[in-house]
*Asks:* 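Following this message is one structure expressed as C-alpha cells.
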Amino acid sequence: NAGVTQTPKFQVLKTGQSMTLQCAQDMNHEYMSWYRQDPGMGLRLIHYSVGAGITDQGEVPNGYNVSRSTTEDFPLRLLSAAPSQTSVYFCASSDLTGTGDNEQFFGPGTRLTVL
Amino acid sequence: KNEVEQSPQNLTAQEGEFITINCSYSVGISALHWLQQHPGGGIVSLFMLSSGKKKHGRLIATINIQEKHSSLHITASHPRDSAVYICAVHSGGGADGLTFGKGTHLIIQP
C-alpha cells in the first residue's frame with residue numbers, strides 16, 4: 001500500500017492564483033481530513049469528510065474548498081491564494097468516521113508559499 | 001474547544017537519558033494520540049490511548065483520564081529519537097477531527 005499520498009510536495013503561488021492540492025489514500029478509509037501547520041501553532045483542521053459525497057468544515061475553512069467524489073481522493077482547492085495561506089498542508093485518513101479512536105495516517109505534506 | 005498543552009516546548013538531552021514529555025487537556029476526551037514528526041516533515045502515529053498505558057519498544061505512553069493528562073516516555077534515548085512529538089486529542093461525539101498541541105522539539109545529543 002502507498003498509504004496517503006500528496007502532490008505537489010512544494011508549490012509557490014502568487015497572490016490571487018488558484019490551485020488544487022491533491023490527496024489520495026489506498027486503504028479504503030472513510031474519513032479524510034486536511035490540516036495546516038504553521039510555526040508556533042498546532043495543526044489545525046481545515047475540512048474533513050466522512051465518506052464520498054460528504055464534506056464539512058473544520059476550524060479554519062475560509063479560503064478553501066473540498067470535494068469527495070470517490071473514497072480514495074480528497075482534493076483541497078485554494079480559490080484565490082493569499083499570503084496568509086502560506087503553510088504546510090497535511091492530508092490524513094483513518095477508518096470509520098474519524099472519531100479519534102482510530103489510528104490516523106498522514107500524508108508527507110505540501111509546503112505552500114504564497115507571494 | 002479542547003485546549004491541549006504540551007511541556008516542555010523544547011528539550012535537549014544526552015544519549016541514554018530517560019525522556020518524559022507531558023500533555024494536558026481541558027475537556028474530557030474519547031482518545032489521545034501521540035505523533036512523531038521528523039525533520040523533513042512526515043508525521044507518524046506512535047500511540048492511540050483511551051486509558052491506561054501502552055508500550056512499543058523504548059516508547060511508553062500513559063494516560064490519566066481523571067487528571068486529563070498523558071505522558072510519553074522514551075527509555076535509553078538515542079539521537080535518532082530527535083524529532084517533534086505531538087499530542088492530539090479527540091473530544092468525542094462527532095467526526096470533527098483532532099485538536100493538536102504545539103509539539104515538543106526533542107534533541108538527543110550523542
Side-chain angles (χ1 to χ4, degrees), chain A residues 2-6 8-10 23 27 29-51 54-61 66 68 74 87-112, chain B residues 1-10 21 23-52 54 56 61 63 65 70 83-105:
Chain A
V4 181
T5 58
Q6 289 183 238
K9 287 194 184 331
F10 301 93
C23 174
M27 297 171 282
H29 287 165
E30 296 166 338
Y31 183 82
M32 296 184 74
S33 54
W34 277 101
Y35 295 93
R36 59 177 289 172
Q37 185 178 39
D38 300 296
M41 303 184 73
L43 281 82
R44 291 179 293 167
L45 181 66
I46 304 171
H47 285 283
Y48 65 95
S49 169
V50 298
I54 305 169
T55 65
D56 208 344
Q57 296 181 350
E59 181 184 355
V60 288
V66 291
R68 185 95 179 267
F74 190 44
S87 187
V88 181
Y89 292 85
F90 288 96
C91 179
S93 74
S94 68
D95 272 332
L96 302 178
T97 57
T99 56
D101 298 342
N102 302 293
E103 182 178 0
Q104 305 285 313
F105 293 84
F106 288 84
T110 295
R111 187 174 294 273
L112 175 67
Chain B
K1 183 179 184 294
N2 220 330
E3 301 293 331
V4 179
E5 298 288 337
Q6 285 186 237
S7 63
Q9 286 186 311
N10 298 284
I21 299 170
C23 174
S24 61
Y25 50 92
S26 58
V27 179
I29 62 170
S30 61
L32 181 143
H33 298 253
W34 281 104
L35 309 166
Q36 181 190 57
Q37 185 173 27
H38 274 287
I43 299 174
V44 176
S45 176
L46 297 175
F47 294 103
M48 183 179 59
L49 296 164
S50 55
S51 64
K54 287 190 176 180
H56 185 257
I63 188 168
I65 296 294
S70 175
V84 177
Y85 292 84
I86 301 169
C87 171
V89 301
H90 191 272
S91 303
D96 55 353
L98 300 171
T99 302
F100 293 78
K102 295 180 182 179
T104 294
H105 189 194

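Both backbone and side-chain heavy atoms feed into the values below; hydrogens, waters and symmetry mates do not. Because the structure is a prediction, the values reported are computed rather than measured. Order of the sequence lines sets the chain letters (A, B, ...), proteins ahead of strands, with each chain counted from 1.
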*Asks:* Specify the closest pair of heavy atoms between A:E103 and B:M48, including all atoms of both residues, with the distance to one decimal.
*Replies:*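 So the minimum-distance heavy-atom pair works out to N-SD, 3.6 Å.
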*Asks:* A:L43 pairs by side-chain contact (heavy atoms from CB on, under 4.5 Å) with which of B:L98, B:I43, B:L35?
*Replies:*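 Checked B:L98, B:I43, B:L35 against A:L43; only one passes side-chain contact (heavy atoms from CB on, under 4.5 Å): B:I43.
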*Asks:* Would you indicate whether A:R44, at its atom CZ, is surrounded by more than 12 heavy atoms from other residues, nucleotides or ligands within a distance under 6.0 Å?
*Replies:*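 Count over threshold, so yes.
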*Asks:* Rounded to the nearest 0.5 Å, how far apart are CE of A:M41 and CZ of B:F100?
*Replies:*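 Going from the CE atom of A:M41 to the CZ atom of B:F100 covers 13.0 Å.
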*Asks:* Could you pull out the closest heavy-atom pair between B:S45 and A:Q104, with the gap in Å?
*Replies:*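 Taking B:S45 first and A:Q104 second, the nearest heavy atoms are CB-O, 3.6 Å.
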*Asks:* Given that the side chain runs from C-beta out, which part of A:F90 has a heavy atom under 4.5 Å from chain B: side chain, backbone, both or neither?
*Replies:*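 Interface part for A:F90: side chain.
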*Asks:* Which bit of A:Q37 is near chain B, if near means a heavy-atom gap under 4.5 Å: side chain, backbone, both or neither?
*Replies:*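 Just its side chain gets close to chain B.
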